[in-house]
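Note that the structure is a prediction, hence the values are computed from the model and not measured.
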Amino acid sequence: MPGSDERYKIDKERLPGGVREQLAFEFYEARAPARESSTERLGTFQDNLRAPIHRWFKYPAGFSYRLIEALIDDQGLVPGNWILDPFVGCGTTAVVAKERGINSVGIEAHPFVWWVARVKCFWEYDMSSLHRSMIRLIHQLHQARWDEAGTVDKYPALVHKCYSPANLQKLDFIWEIIYQLDCPDEERDFFLLALTDTLRTASRAGAGWPYIAPSKYHEKQERDALEAFCQQVQVMYRDLLEVQGRRHAQSECLLLQMDARDPYPVGPESIDLAVTSPPYLNNYDYADRTRLEMYFLGWARSWRDITEQVRDRLIIAATTQIRRSAFPDHPLSDEVREVSPRVYAELSDRIHQLEERRRHKGGKKSYDLMVAGYFNDMLQVLKQVYRVLKKGSEFVLVLGDSAPYGVHIPTEEYLGELGLGVGFREYRIQPLRTRGEKWGHNPQRHKVMLKESLLTLFK
């Protein structure tokens, strides 16, 4: 079994106390088999599927909310402290911080995912008004004739492939009723997020993550859209009641739609803890992950729209973001060399290997430039986080290494070394789990064993 390798055993005694307790679960034992029903998986999205608020949008490009809880406890954060997540995604860190009464700053460049986080982090509803609007909405959905609603010709082909004509018309009908409803804008966003989550629940296509697979091979049982939506919106309402009842204290929750590489509008040495899970260097197209939702809601209508509105705004982590003409002959930046000559030398060698292997591969994927661009970008993130962290504070990252074309890139080690170069005094790496076993049957895939780790940088 891949997990039996000595390199991937976890030294739990060196982990922060709260995190160490989470790692007691069997899922993180190197030799323990993964359990399909386990909900206690610190570095995965599984916990969030059942947790109030977190489950409002199923976006498994992240970590468990339990990690944030453990870090807050371990660091002794209290109301008045500040936590930063430079890749906040759909808001896991911000939701936990808000429930605990901790101030938070979340940064997200993906406009749609930022909107999801904003809706999940707004709890200041007039609950009586929200309940009345919800009852009116559900009543109208059951009383009106959905089959006499507007045309669905406006949707791109991908959307049509994911639903039967009747179910797509129901989804469009829900969308129209939401926009016709007389209610405050924040309530309308609440209902729209419930509809957004319904899109994959009601689909007949293989609509799991990361990509939509509208083919006969991946087809599943379609669920009635009206039923799924009405259930989801009521679950979300109950979640609000639950978190409001146990919320510790009032706090500030700042969600900024901006590039994590740019200067943060946060004072120097003002943050008590930074934690994030940045894009993995594994050619995952984070823009394509939400194509179904953006197409349905009218945020985009084409691959070009997705590129211009999302893909071009994100740090480089996929070959779909690469335009080879935009890179110089030596793609790794001089700033990387200035910060860490060793990392620059090793990365340059690996980038050269990837450039050579690319010439002999059928797809000719630009992994060489993807790797260079990733570390160029992440160095800017490290500099920004270092600037705003208080002395003695920590920056915790959930990371995965990679091996494009079989060339291993120890992402966590290189980012740790770059962290030292920007000023952090030390770093620690703790493996969480092995990755990639499910692809072992693919003869085209490399055989390098990969892992997911916690990288902690100490200021």
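Side chain of Asn376 to main chain of Ser333: a donor-acceptor pair is present (N/O by atom type, distance under 3.5 Å, no hydrogens or angles). A distance-only check finds a donor-acceptor pair linking the side chain of Ser402 to the backbone of Leu281 [under 3.5 Å]. Side-chain atoms of Asn103 come within 3.5 Å of backbone N or O of Glu252 as a donor-acceptor pair. Side-chain atoms of Arg357 do not come within 3.5 Å of backbone N or O of His352 as any donor-acceptor pair. Between the side chain of Lys390 and the main chain of Glu269, no donor-acceptor pair closer than 3.5 Å is present. The backbone N or O of Asp224 sits nowhere less than 3.5 Å from a side-chain atom of Lys170 that would complete a donor-acceptor pair. Not a single donor-acceptor pair under 3.5 Å links the side chain of Asp74 to the backbone N or O of Ala70. Between the side chain of Arg291 and the backbone N or O of Ile306 there is no donor-acceptor pair closer than 3.5 Å. Put simply, the side chain of Ser453 never gets that close to the backbone of Leu455: no donor and acceptor are under 3.5 Å apart. Within the 3.5 Å criterion, the main-chain N or O of Gln257 finds no donor-acceptor partner in the side chain of Glu108.
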(request) Using the salt bridge (charged side-chain N to carboxylate O under 4.0 Å, His left out) rule, take Glu293 and Arg200 through it: C-alpha gap first, then chi angles, then the decisive distance, then the call. (result) CA-CA 9 Å; Glu293 290 81 4; Arg200 298 200 183 222; 2.7 Å; yes
(message) Set out, in order, the CA-CA distance, both residues' side-chain angles and the distance that settles side-chain contact (heavy atoms from CB on, under 4.5 Å) for Arg204 and Asn167, then state yes or no.
(response) CA-CA 9 Å; Arg204 69 181 180 184; Asn167 224 25; over 6 Å; no
(message) Please determine whether salt bridge (charged side-chain N to carboxylate O under 4.0 Å, His left out) holds for the pair Glu412 and Lys451, giving the CA-CA distance in whole Å, both sets of side-chain angles, and the decisive distance to 0.1 Å.
(response) CA-CA 10 Å; Glu412 67 285 356; Lys451 63 184 182 301; 2.9 Å; yes
(message) Ile102 vs Trp82, test: side-chain contact (heavy atoms from CB on, under 4.5 Å). Steps then yes/no.
(response) CA-CA 6 Å; Ile102 308 297; Trp82 285 87; over 6 Å; no
(request) Determine, step by step, whether Tyr280 and Tyr286 satisfy the side-chain contact (heavy atoms from CB on, under 4.5 Å) criterion, reporting the C-alpha distance in whole Å, the side-chain angles of both residues, the deciding distance to 0.1 Å, and the verdict. (result) CA-CA 10 Å; Tyr280 287 11; Tyr286 288 84; 4.2 Å; yes
(request) Check step by step if side-chain contact (heavy atoms from CB on, under 4.5 Å) holds for Met294 and Gln309. (result) CA-CA 10 Å; Met294 293 184 70; Gln309 297 177 35; 4.2 Å; yes
(message) What verdict does the salt bridge (charged side-chain N to carboxylate O under 4.0 Å, His left out) test give for Glu452 and Arg433, after you've listed the backbone C-alpha separation in whole Å, the side-chain angles of each residue and the deciding distance to 0.1 Å?
(response) CA-CA 5 Å; Glu452 186 173 64; Arg433 63 187 180 98; 2.8 Å; yes
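Of the N and O atoms on the side chains of Tyr414 and Arg350, at least one donor lies less than 3.5 Å from an acceptor on the other residue. For the residue pair Thr320/Asp285, the side-chain donor-acceptor check at 3.5 Å is satisfied. Looking at Thr276 and Asp85, their side chains do bring a donor and an acceptor atom within 3.5 Å of each other. Inspection of the Gln231 and Arg223 side chains reveals an N or O donor paired with an N or O acceptor under 3.5 Å. The closest side-chain donor-acceptor pair between Asp239 and Trp56 falls under 3.5 angstrom.
The number of heavy-atom neighbours closer than 6.0 Å to NE2 of His330, taken from other residues, nucleotides and ligands shown, is 12 or below. Counting heavy atoms of neighbouring residues, nucleotides and ligands inside a 6.0 Å radius, atom NZ of Lys365 does not exceed 12 of them. The environment of Lys154 atom NZ is dense: over 12 non-hydrogen atoms of other residues, nucleotides or ligands sit within 6.0 angstrom.
The aromatic ring centres of Tyr295 and Tyr155 sit 6.0 Å or more apart.
Ion pairing between Arg342 and Glu417 holds under the 4.0 Å rule for side-chain N and carboxylate O. For the pair Arg324 and Asp368, the salt-bridge criterion is met [side-chain N within less than 4.0 Å of a carboxylate O]. Salt bridge present: Glu335 and Lys383 bring a charged side-chain N and a carboxylate O closer than 4.0 Å. With respect to Arg323 and Asp312, a salt bridge is recorded, a charged nitrogen being found less than 4.0 Å from a carboxylate O.
Considering CH2 of Trp115 and SG of Cys90, their distance stands at 12.0 Å, rounded to 0.5 Å. Note: Ile409 CD1 to Leu354 CG = 5.5 Å, rounded to the nearest 0.5 Å.
Using a 4.5 Å heavy-atom threshold, the side chains of Leu273 and Leu389 count as separate.
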